[in-house]
**Student:** 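Would you mind keeping the following structure in view while I ask a few things?
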Amino acid sequence: MGVSIDTFGASFIKYRPGVTKTLNNTSPARQIPLGKVKWEGDRLLKKVHVSRNAAIANVSDGGAIPPAGKQTYTDSEAYRKNIVGAVRVTDGILNNANTTENSAITVVKSELEGLLEAVRLREEWQFTRDGTGVVATIGATASGATFTVDDGRALWDGASFEIRDSTTTTTIHDEFTVSRLSRALTAAGEVTVTPSATLAASGQATGDYVVWGTGDYSSWGKDLTGLDKLIDDATGTFQSVNVTTYPRYTSPVLDNGGVDRPLTSTLYRQALAMIKQESGADASREILVLTSVWDAINHEELHGGEVRITPETKTVGLVLPTFQTMFGRISLMTAPLTQWGKMFLIDRNEISWAMQAELDWRKSDGGGIFERDNGSLGYVANALETAELFIDQRNRCAKIEDLKVSVKTAF
């Protein structure tokens, strides 16, 4: 028998340089806010005008003048949120993969750039959430070698999460680390999760919260205050303002009582009309609608009847998914991690990244970013961003909820 490729043991393998990136690390939401807020100090504070002077009356000749009244103002406050990340590399890997001569990518480029991309991606997720740290809810299967959740996009492989009771949120039922997700959704549209160890039946149930991190590293109540909280009409307290007492300091929200319904052009018109009614905003301005890629399909299909094709036409579809009304024009933007079944109508000038410290590496005593670990052969680098999302006039933005959406992938 002669020598073949398979049996000749002295052949080298030709490795191609570079790394194929299958993970979507884009963060378009970072570009949306146009408000400019940089700050120092204990907290960020602004005055909110919550009621008018009502000392106005129509009286007869010689009649009494109402007692003097006054305008009412209250304080709105925002506090800093810290986002951190850490990288550790050993002396051995620094020596082994310091250049691309014998590795697909340098270890420094892989780990440092990779961590910053991951922080940005995590920030992208937070942008349209409510600041609680909840990334999913438990689905119909609540335990076992596999279980289900309503959304798997923030369940990264190798990341750890805690399960909190949705009613008594101080109760933590269990923790798990993600091994992998199944691409295909269940018949009910849920995502199947395979944890690194079987998840015990510890009292968790359908609808309980899956929260990023565990123990000291839990994000519960520490996340950035995203659009779902900024643009909302919920009662209670929002950034120190009692909106139960002052409900005018809320945003127009069109929901359907938790029952999903199709997107219609009427919903757009109603949302824009509410903004105009409550804020008096000029109708000539453009509103950005941020939504998921799947909700954007429903938006495009609203315009399907407007597409005309002639024999000379070589392009099918819309140039730009916009919608024009007498109250203004909306322009659609999609982001991969935006919530499903929701649309955020944003006046970009009202939303700010209240930035104290941009995302960057913390400097060591020597001025570099790596600090030597004297207890082992390795180096550690830490990244930090200190910021919060802030909204000025809430009724210049709106939200449409409870929209029907057909999602086709778990990732």
Side-chain angles (χ1 to χ4, degrees), residues 29 31-37 44-54 56 69-78 127-128 130-131 225-256 263-291 295 299 322-333 338-339 342-354 388-403:
Q31 309 304 318
I32 292 175
L34 295 180
K36 305 296 182 183
V37 177
L44 187 65
L45 185 146
K46 71 170 183 179
K47 295 292 183 180
V48 178
H49 185 203
V50 291
S51 66
R52 306 178 182 93
N53 183 345
I56 301 171
K70 70 179 186 65
Q71 309 288 325
T72 302
Y73 298 86
T74 189
D75 292 340
S76 176
E77 301 174 322
F127 187 72
T128 59
D130 61 1
T225 305
L227 296 183
D228 207 23
K229 187 77 170 179
L230 298 178
I231 306 173
D232 199 27
D233 63 353
T235 57
T237 301
F238 170 77
Q239 291 184 341
S240 299
V241 178
N242 188 330
V243 289
T244 302
T245 303
Y246 304 115
R248 295 180 187 272
Y249 188 55
T250 58
S251 301
V253 177
L254 290 172
D255 61 31
N256 199 42
L263 175 67
T264 65
S265 58
T266 298
L267 289 172
Y268 280 146
R269 291 187 175 98
Q270 289 174 342
L272 290 172
M274 291 171 75
I275 292 174
K276 176 66 175 179
Q277 171 71 29
E278 295 188 19
S279 71
D282 181 44
S284 64
R285 69 200 177 101
E286 184 170 303
I287 294 289
L288 177 71
V289 175
L290 179 65
T291 193
D295 289 281
H299 171 95
T322 60
F323 189 81
Q324 180 75 44
T325 79
M326 65 181 294
F327 303 112
R329 186 177 73 165
I330 63 172
S331 183
L332 200 77
M333 176 179 179
T338 300
Q339 291 196 59
K342 293 190 179 186
M343 289 186 163
F344 298 93
L345 284 72
I346 305 167
D347 183 331
R348 298 172 65 191
N349 293 296
E350 300 299 325
I351 310 291
S352 299
W353 286 101
E388 177 61 300
L389 281 161
F390 195 78
I391 187 169
D392 284 298
Q393 191 167 338
R394 296 183 82 192
N395 59 14
R396 284 179 176 257
C397 301
K399 182 167 59 176
I400 303 174
E401 298 182 317
D402 299 331
L403 296 172

**Student:** With rounding to the nearest 0.5 Å, note down the distance linking CD1 in Ile400 to CG in Asp255.
**Tutor:** 11.0 Å
**Student:** Can you see which heavy atom on Thr250 is nearest to which on Ala234, and at what distance?
**Tutor:** CG2-O, 4.3 Å
**Student:** With rounding to the nearest 0.5 angstrom, report the CG to CG distance, Asp402 to Leu263.
**Tutor:** 12.5 Å
**Student:** Identify, with sequence neighbours excluded, every residue that meets side chain to side chain donor-acceptor pair (under 3.5 Å) alongside Asn242.
**Tutor:** Thr245
**Student:** Spell out, as yes or no, whether a donor-acceptor pair under 3.5 Å connects the side chain of Ser251 to the backbone of Asp233.
**Tutor:** no
**Student:** Might you work through the side-chain contact (heavy atoms from CB on, under 4.5 Å) test for Leu389 and Trp353, ending with a clear yes or no?
**Tutor:** CA-CA 5 Å; Leu389 281 161; Trp353 286 101; 3.8 Å; yes
**Student:** Can you name the one residue among Ile287, Ile231, Ile391, Leu230 that meets side chain to side chain contact (heavy atoms under 4.5 Å, CB included) with Ile346?
**Tutor:** Ile231
**Student:** List for me each residue that meets side chain to side chain donor-acceptor pair (under 3.5 Å) alongside Thr74, sequence neighbours excluded, and say none if there are none.
**Tutor:** none
**Student:** Nearest 0.5 Å please: distance from the CE atom of Met343 over to the CG atom of Leu332.
**Tutor:** 5.5 Å
**Student:** Considering residues at least two apart in sequence or located in another chain, which fulfil the side-chain contact (heavy atoms from CB on, under 4.5 Å) criterion with Gln277?
**Tutor:** none
**Student:** Return the set of residues passing side-chain contact (heavy atoms from CB on, under 4.5 Å) with Ser265 (not counting sequence neighbours), or none when no residue passes.
**Tutor:** Arg269, Phe323
**Student:** Which residues pass the side-chain contact (heavy atoms from CB on, under 4.5 Å) test with Gln270, sequence neighbours left out?
**Tutor:** Leu254, Thr266, Leu267
**Student:** Which distance, rounded to the nearest 0.5 Å, do you find between the CD1 of Ile32 and the CG of Leu34?
**Tutor:** 9.5 Å
**Student:** Which residues pass the side chain to side chain donor-acceptor pair (under 3.5 Å) test with Lys229, sequence neighbours left out?
**Tutor:** none
**Student:** What residues, two or more places apart in sequence or in another chain, satisfy side-chain contact (heavy atoms from CB on, under 4.5 Å) together with Ser76?
**Tutor:** Lys46, Val48, Gln239, Val241, Tyr249, Phe390
**Student:** List the atom of Arg348, the atom of Leu288, and the distance in Å for their closest heavy-atom pair.
**Tutor:** CD-CD2, 4.0 Å
**Student:** When rounded to the nearest 0.5 angstrom, what is the spacing between CG in Leu290 and OG1 in Thr338?
**Tutor:** 4.0 Å
**Student:** Do you know which two heavy atoms are closest between Pro252 and Arg394, and how far apart they sit?
**Tutor:** CD-O, 4.4 Å
**Student:** Give a yes or no on whether the backbone of Ala354 and the side-chain of Glu388 come within a donor-acceptor separation of less than 3.5 Å.
**Tutor:** no
**Student:** So which heavy atom on Thr244 is nearest to which on Gly236, and how close?
**Tutor:** OG1-N, 2.8 Å
**Student:** Report the residues that fulfil side chain to side chain donor-acceptor pair (under 3.5 Å) with Asp228, sequence neighbours left out, ordered by chain and then residue number.
**Tutor:** Gln339, Lys342, Lys399
**Student:** Residues in salt bridge (Lys or Arg N to Asp or Glu O under 4.0 Å) with Glu278, at least two apart?
**Tutor:** none
**Student:** How far does OH of Tyr246 sit from OG1 of Thr237, to the nearest 0.5 angstrom?
**Tutor:** 11.5 Å
